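By convention in this document, chain letters (A, B, ...) are assigned in the order of the sequence lines, proteins followed by strands, and residues within each chain are numbered from 1. It should be emphasised that the depicted structure is a prediction, and the values quoted were computed from it without experimental measurement.
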Amino acid sequence: MTTAQPAMLVEVEAVSKRFTPQLSLGDRLAALLGSPVETRTVHAVDRVSFGLEQGEVLGLVGESGCGKSTLGRVIAGIHPPSEGRASIAGETVMGDGRTPLKRTTRIQMVFQDPFASLDPRVRIGETISEGPLAHGLVSRTDAPAYVARWLTAVGLPVEAAERFPHQFSGGQRQRVAIARALAMQPDVLVCDEPVASLDVSIQAQIINLFLKLRRELGLTMLFISHDLGVVRHLCDRVAIMYLGRIVEIGPAAEIFAAPRHPYTRALLDSVPKLVTGSDELVTFKPIQGELPSPLSPPPGCHFHQRCPRAEARCRSDAPQLAGGTDEGTGHRVSCHFPLAGEA
Amino acid sequence: MSPVLLDVNGLTTRFATRAGSLNAVEDVSFTVAEGEIVGLVGESGSGKSVTGFSILGLIDPPGRIVAGSVKLNGRELVGLSHAALRSMRGREIAMVFQDPSATLNPVLTIETQMRLAIAAHESLGDAAARARCIEVLGAVGIPDAARRIEAYPHQFSGGMRQRVAIAIALLNRPKLIICDEPTTALDVSIQAQILTEMKSLAARLGTAMIWISHDLATVSSVASRILVMYAGRLIEAGPIAEVLRQPRHPYTRGLLGSLPGIARPGQDLVQIPGAMPSLIDLPQGCAFQPRCGFADAQCATMPALSAEGARSFRCHHPLAAETAP
C-alpha cells in the first residue's frame with residue numbers, strides 16, 4: 001500500500017443531507033399566528049467524507065435507514081446535499097446553483113428494482129440508446145450497433161433491443177438496467193442494492209457480470225448493499241454506515257477479518273453462516289435493541305445505546321473518523337474505544 | 001426419533017390460469033416430527049410457499065389441491081370443511097408470514113388482535129386473556145409488554161411487528177408453526193435477534209416448525225433437516241449439515257455455489273445458467289435438465305425420488321457422495 005494519497009476520482013467532503021417534510025397548511029397558519037410548531041427533520045446523512053479511486057469498487061454497507069441510499073443519490077446528483085460537496089474529477093456534482101452534473105455523463109446509477117426502473121412502454125433498444133443519443137455519444141445511424149455492443153457486454157442477445165421489459169425476467173431486466181447505465185460511458189457507476197431483489201442463482205449471475213465488467217472496463221463503482229457476503233465478494237474497500245455517519249472504512253479484507261468498530265463487529269456476528277458441521281453450535285451475538293430514529297439521533301456516538309463498550313464519554317462526545325495503527329492502509333474508525341482489530 | 005406430527009404425501013396443488021394449468025406443487029411428500037425444525041428452501045416460483053399454504057388449506061380458487069394428503073397426528077386435513085379448517089388453524093398449526101405490516105390489522109390495538117386470536121378457539125376471562133397476551137409478548141422479546149399491548153401496529157418497528165406476529169402464532173400453543181420467510185424483510189441485526197429467540201422458544205415449548213426461506217444460511221442456522229424444492233417438486237431432502245456439505249442434486253450444489261462468501265472474494269461464482277422454467281410449460285422429465293451440466297437423454301423422463309438412509313434426491317445422475325461443493 002502506498003502512503004502517498006493517490007488522486008481521487010470521486011471526492012465526498014463533509015456531505016450532509018437533511019429532509020424536512022413540508023408543513024401542512026394548518027401548521028403553517030399556526031406558525032404564522034405564533035404557536036410553536038414542531039418541524040421534524042430527518043438527518044439522513046451527517047458530515048460524511050471519503051474518496052473513491054479510479055478503478056476502485058467501494059462497498060457502502062448498513063441497515064435500513066442508515067442513509068446509504070441517500071448518500072448514493074447525493075453522489076449521483078439526484079439529491080442536492082444540504083451541506084458539503086461531492087465532486088467527480090474536481091467537478092462538483094451538484095453545486096450551489098443546483099445544476100446537476102448529471103447533465104454530463106460522468107456518473108450513472110443502477111437501481112434495486114428493475115421492474116420499477118425500466119419504462120414498460122419503451123423498447124429495450126430505445127431505453128439504452130436514449131441517453132447516448134441525447135448526449136451525442138453516438139449518431140442515430142450508429143445507434144443500433146451501439147446498443148448491440150452493450151447488450152452483448154451484459155450477456156443479452158442482440159435481438160433483445162426489439163423487445164419490451166415485460167418479456168424479460170428480473171435478472172435479465174437488471175442486465176438491461178446495467179447496459180443502460182454503461183452505454184453512457186460513465187466514469188463512476190453507483191449501484192443501489194442491484195442484486196437484492198434477485199433469486200440466489202440469478203444473483204450469482206449478476207455478481208459474475210459485475211466482476212467481468214470490472215475486469216474488462218476497469219469500472220469505478222460505489223456498491224450500496226446490506227448484504228455483507230455480496231460486498232465482501234465484490235468490493236476492494238468497505239464503508240460501514242450507522243445512522244447517517246460512516247463508522248468504519250477500510251480495505252474489505254481487513255474489515256471482514258478484523259473490524260475495529262463495535263457496530264461492524266456486531267453486524268458481522270449477526271450474519272447467518274452456512275452451517276455444514278452437524279456438531280457446530282449456532283450462536284448469534286445479536287446487537288441489543290434497535291436502530292434509533294433518525295428524527296432524533298442520540299447525542300454523542302450514535303451507537304452508544306446499543307454498544308457493549310460504551311462509557312460516559314460516548315454519550316456526549318461524537319468520535320471522529322480517524323486512522324489507528326493501520327493508517328497506511330487507510331483503515332479508519334470512528335470510535336473512542338475501538339477494538340484491537342484481532343480476528 | 002420423535003413421533004411423526006405432520007405427514008404430507010403426494011401433495012399436488014395446481015392453479016387454473018388462462019394460459020393453462022400451473023403446477024405450483026407437484027407430488028410433494030415429507031414428514032415433520034414433533035418438535036422438529038424443517039427448512040423448506042427454494043427460489044421464487046419453486047412452490048415452497050404454496051406448499052405451506054396447502055398444508056393450512058389456504059388455497060383459494062383458481063388454485064386447488066388436486067391430489068395427495070396432509071395428515072396432522074393421523075387426521076386428514078385435505079378436504080376438511082371450512083369450519084373444521086378454521087378451528088384447526090391457529091390452534092394446531094399456526095403461520096407467520098413474511099410481511100408483518102400486511103398481516104397485522106392497522107386499526108386494532110395489539111391487545112384486540114391477540115384476544116381475537118384467543119377467542120377464536122377458547123373462552124377465557126378478560127384478565128386471563130390479557131395475562132396470556134402479555135406473557136407471550138414478553139416471551140418473544142417485547143420489552144414493557146404490559147404497556148405496549150395497548151399500542152397500534154404503526155407504533156412498532158418492523159422487527160417488533162414481526163415479534164407481535166410470532167406472539168399471535170404462539171398464543172394457542174400450536175404443535176406446528178409454518179414460518180414463511182419470517183426474517184427476510186428484516187435487517188440482519190434484527191434477524192439475528194429473532195432467529196435466536198425463535199429457536200430457543202421452539203426448543204422450550206416443543207413446537208415443530210417448517211421454516212420456508214430462500215436463504216440457505218438462515219435455514220442452516222435454525223433447521224435440523226432441509227427440503228429443497230425446484231419448479232414445484234421436492235428434489236432433495238436430508239439432514240441439513242450433510243446436504244449442505246455433500247449435496248447430491250446438481251441444483252442444490254449450484255445453489256451453494258451461487259452464494260458469495262464461500263468462494264474467494266473476487267472470483268467468479270459457480271453460477272447456474274438460465275432461469276427457472278415457467279410452471280405452466282415445464283420441460284419434459286426433470287425440470288432442471290435445461291440448466292444442468294449433467295443432463296442427457298435419460299433426463300427426459302422424470303427421475304424418481306430415491307432414498308439413501310436419511311437422505312433422498314430426485315436425479316438420474318446424482319453427485320457422488322464424496323464430492324464437496
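- Each of B/F294, B/F313, B/Y230 was checked for a ring pair (Phe, Tyr, Trp, His ring centres under 6.0 Å) with B/F288, and the lone residue meeting it is B/Y230.
- Side-chain contact between B/E181 and B/F97 is absent, with no heavy-atom pair separated by less than 4.5 Å.
- When the options A/L182, A/L213, A/T220 are evaluated for a side-chain contact (heavy atoms from CB on, under 4.5 Å) with A/L189, the one that passes is A/L182.
- Note on A/E63 versus A/K68: no salt bridge recorded, every NZ/NE/NH1/NH2 to OD/OE distance being 4.0 Å or above.
- Classification of B/E236 and B/R314 as a salt-bridged pair fails, no side-chain N sitting under 4.0 Å from a carboxylate O.
- The contact between B/M160 and chain A is made by backbone and side chain atoms together, counting heavy-atom distances below 4.5 Å.
- At a 4.5 Å heavy-atom cutoff, the contact between A/I202 and chain B is made by backbone and side-chain atoms alike.
- Residue contact with chain A, scored on non-hydrogen atoms closer than 4.5 Å, involves the side chain of B/R291 exclusively.
- Ranked by heavy-atom pairs shorter than 4.5 Å toward chain B, the options A/Q203, A/R215, A/K212 are led by A/R215.
- For a residue to count as touching a neighbouring chain, one of its non-hydrogen atoms must lie under 4.5 Å from one of that chain's; by this rule B/P239 does not touch chain A.
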Which donor-acceptor pairs under 3.5 Å do side chains of residues 224-235 of chain A form with protein atoms, sequence neighbours excluded?
{"residue": "A/S225", "atom": "OG", "partner": "A/D227", "partner atom": "N", "Å": "2.9"}
{"residue": "A/H226", "atom": "ND1", "partner": "A/E193", "partner atom": "OE1", "Å": "2.9"}
{"residue": "A/H226", "atom": "ND1", "partner": "A/E193", "partner atom": "OE2", "Å": "3.1"}
{"residue": "A/D227", "atom": "OD1", "partner": "A/G229", "partner atom": "N", "Å": "2.9"}
{"residue": "A/D227", "atom": "OD1", "partner": "A/V230", "partner atom": "N", "Å": "3.2"}
{"residue": "A/H233", "atom": "NE2", "partner": "B/Q267", "partner atom": "O", "Å": "2.5"}

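- In terms of heavy-atom pairs under 4.5 angstrom with chain A, the leader among B/G274, B/A275, B/G158, B/G141 is B/G274.
- Counting heavy-atom pairs under 4.5 Å between each of B/G159, B/A217, B/G254 and chain A puts B/A217 at the top.
- Chosen from B/D268, B/I272, B/V188, the residue pairing most often with chain A at heavy-atom distances under 4.5 Å is B/D268.
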